[in-house]
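All heavy atoms count here, side chains included; hydrogens, waters and symmetry mates do not. Throughout, protein chains are lettered first and strands after them, A, B, ... in sequence-line order, and every chain is numbered starting at 1.
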2 protein chains.
Amino acid sequence: MNPPATSSLLAPGQFERIAKALADPRRFAMLETISSALECPNQALCNDFPVSKATISHHIKELVQAGLIEPEREGQYKTYRVRQDVVNAYAAEVIRRVGKPRARAG
Amino acid sequence: MNPPATSSLLAPGQFERIAKALADPRRFAMLETISSALECPNQALCNDFPVSKATISHHIKELVQAGLIEPEREGQYKTYRVRQDVVNAYAAEVIRRVGKPRARAG
DNA sequence: TCATTTGTTTGATGGTTGTACAACTGTCTC
DNA sequence: GAGACAGTTGTACAACCATCAAACAAATGA
């Protein structure tokens, strides 16, 4: 029962999914673009990245499934927001797992 | 010690390399294993993971090239240590880039 | 030097993934 | 409903990658 501190935000398997989502440079750049605006319309991504809209949709899907961004419908359009708490939880989890010497459990 | 800024530790391109290195679950698990001991001999990895030594060598190489671990020769054997400063710098860089709303450059 | 142990490199292979094109769904306006 | 715009999905392909087996290299010990 005791939900531990920071990592409880990440569902099982989410850590790996995030790691994979962040691994592709283009996808990470898209995440940065989304992060650079409070609300990023999909079209902005189509303008900023020289890939087809299908590819953008694919990357967006990965980011959403990783829990890194949240889509918002605005009528015909779609915008996205970065889940900063998830990003922070991921970074914290990385540090917790490999960022400091493990306690000797002794 | 006062490790100055967090990201200056990462060389150009290292961020992407680290992201890719962390993306594979098995490789990350190896990094965890190395992190769990102050010095991890290669044999420990061979015992803990059901993959061939060639595969282990390959993953180790990736981790070294990403700057995440440092090899140490001990005569016939080899051990590894996690560069916690690099891990921390990576986590900090993730947060800096996408972990908080971008300043509006104002 | 030879044999053993440890780790690396090479070549091959099956799976994963980033990408595009085409077709589809959904929404808005008329 | 028709047409236009925005985004998704299916299919296909090329590049990448994790993996192994085998050959190779390096160090130890007899």
Side-chain angles (χ1 to χ4, degrees), chain A residues 13-34 37-83 90 98, chain B residues 13-35 37 39-82 98:
Chain A
Q14 191 174 5
F15 183 79
E16 298 175 5
R17 204 177 271 270
I18 291 175
K20 282 191 179 180
L22 298 184
D24 182 63
R26 177 112 59 198
R27 193 158 49 218
F28 189 89
M30 289 181 183
L31 188 63
E32 275 190 281
T33 297
I34 296 174
L38 292 185
E39 288 204 340
C40 180
N42 206 327
Q43 270 202 333
L45 299 175
C46 290
N47 291 331
D48 286 6
F49 295 94
V51 290
S52 70
K53 57 180 183 173
T55 299
I56 288 180
S57 187
H58 164 70
H59 285 313
I60 289 295
K61 192 179 181 182
E62 293 289 316
L63 293 173
V64 169
Q65 286 181 340
L68 288 167
I69 63 175
E70 266 184 349
E72 262 179 55
R73 208 179 288 162
E74 288 194 6
Q76 190 174 5
Y77 307 90
K78 247 184 173 181
T79 63
Y80 306 96
R81 267 183 316 150
V82 172
R83 285 284 307 263
Y90 172 75
V98 295
Chain B
Q14 190 173 7
F15 183 79
E16 298 175 5
R17 205 178 270 273
I18 292 175
K20 282 190 180 179
L22 299 183
D24 183 64
R26 176 111 58 198
R27 193 159 47 219
F28 189 88
M30 287 181 183
L31 188 63
E32 275 189 281
T33 297
I34 295 173
S35 173
E39 289 203 341
C40 181
N42 207 325
Q43 268 201 337
L45 299 176
C46 290
N47 290 332
D48 285 7
F49 296 93
V51 290
S52 70
K53 57 181 182 171
T55 298
I56 288 180
S57 189
H58 164 69
H59 285 313
I60 290 295
K61 192 179 180 182
E62 293 288 316
L63 293 173
V64 170
Q65 287 181 340
L68 287 167
I69 63 175
E70 265 183 351
E72 261 179 58
R73 204 178 285 167
E74 288 194 4
Q76 190 176 7
Y77 307 90
K78 248 185 174 180
T79 63
Y80 305 96
R81 268 183 314 151
V82 173
V98 296

d([atom1], [X]; [atom2], [N]) in whole Å:
X: B:Ile60; N: D:dT19; atom1: CD1; atom2: C1'; answer: 15 Å
X: B:Arg17; N: D:dC17; atom1: CZ; atom2: C1'; answer: 14 Å
X: B:Glu16; N: C:dG18; atom1: CD; atom2: C1'; answer: 15 Å
X: B:Leu63; N: D:dA18; atom1: CG; atom2: C1'; answer: 13 Å
X: A:Leu45; N: D:dG7; atom1: CG; atom2: C1'; answer: 12 Å
X: A:Glu72; N: C:dT27; atom1: CD; atom2: C1'; answer: 17 Å
X: B:Leu22; N: D:dC17; atom1: CG; atom2: C1'; answer: 16 Å
X: A:Asp24; N: D:dC17; atom1: CG; atom2: C1'; answer: 14 Å

**Prompt:** If we only count heavy atoms from C-beta on, is the A:Val98 to B:Leu22 side-chain gap below 4.5 Å?
**Reply:** no
**Message:** When you compare the side chain of B:Pro71 with that of B:Lys61, does any pair of heavy atoms fall below 4.5 Å?
**Reply:** no
**Message:** Reading DNA chain C from 5' onward, which residue's closest nucleotide shows up sooner: A:Arg73 or A:His58?
**Reply:** A:His58
How close do [X] and [Y] get, heavy atom to heavy atom, and via which atoms?
X: A:Met30; Y: A:Val51; value: CE-CG2, 4.0 Å
X: A:Ile34; Y: A:Tyr80; value: CG2-O, 3.6 Å
X: A:Ala19; Y: B:Ala23; value: O-CB, 3.8 Å

[N] OP1/OP2 closer than 4.0 Å to side-chain N/O of [X]:
X: A:Thr55; N: C:dA20; answer: yes
X: A:Arg27; N: C:dG18; answer: yes
X: A:Lys20; N: C:dT16; answer: no
X: B:Lys78; N: D:dA27; answer: no

**Message:** Side chain of B:Gln43 only, heavy atoms from C-beta on: which candidate in C:dA20, C:dG7, C:dG18 is closest?
**Reply:** C:dG7
**Closest to the B:Tyr77 side chain, choosing from C:dG7, D:dA18, D:dC20** = C:dG7
**Request:** Please work out if B:Pro50 contacts a base, only the sugar-phosphate, or nothing of the nucleic acid, heavy-atom cut-off 4.0 Å.
**Result:** sugar-phosphate
**Prompt:** Base, sugar-phosphate alone, or nothing: which one does A:His59 contact when heavy atoms must sit under 4.0 Å apart?
**Reply:** sugar-phosphate
**Polar pair under 3.5 Å, donor/acceptor by atom type, side chain B:Lys53, base C:dG7** = yes
**Message:** Between C:dT6 and B:Gln76, counting only base atoms on the nucleotide and side-chain atoms on the residue, is there a donor-acceptor pair under 3.5 Å?
**Reply:** no
**Message:** Quick check: on DNA chain D, is the nucleotide nearest B:Met30 upstream (toward 5') of the one nearest A:Ser57, or the reverse? Name the residue that is more 5'.
**Reply:** A:Ser57
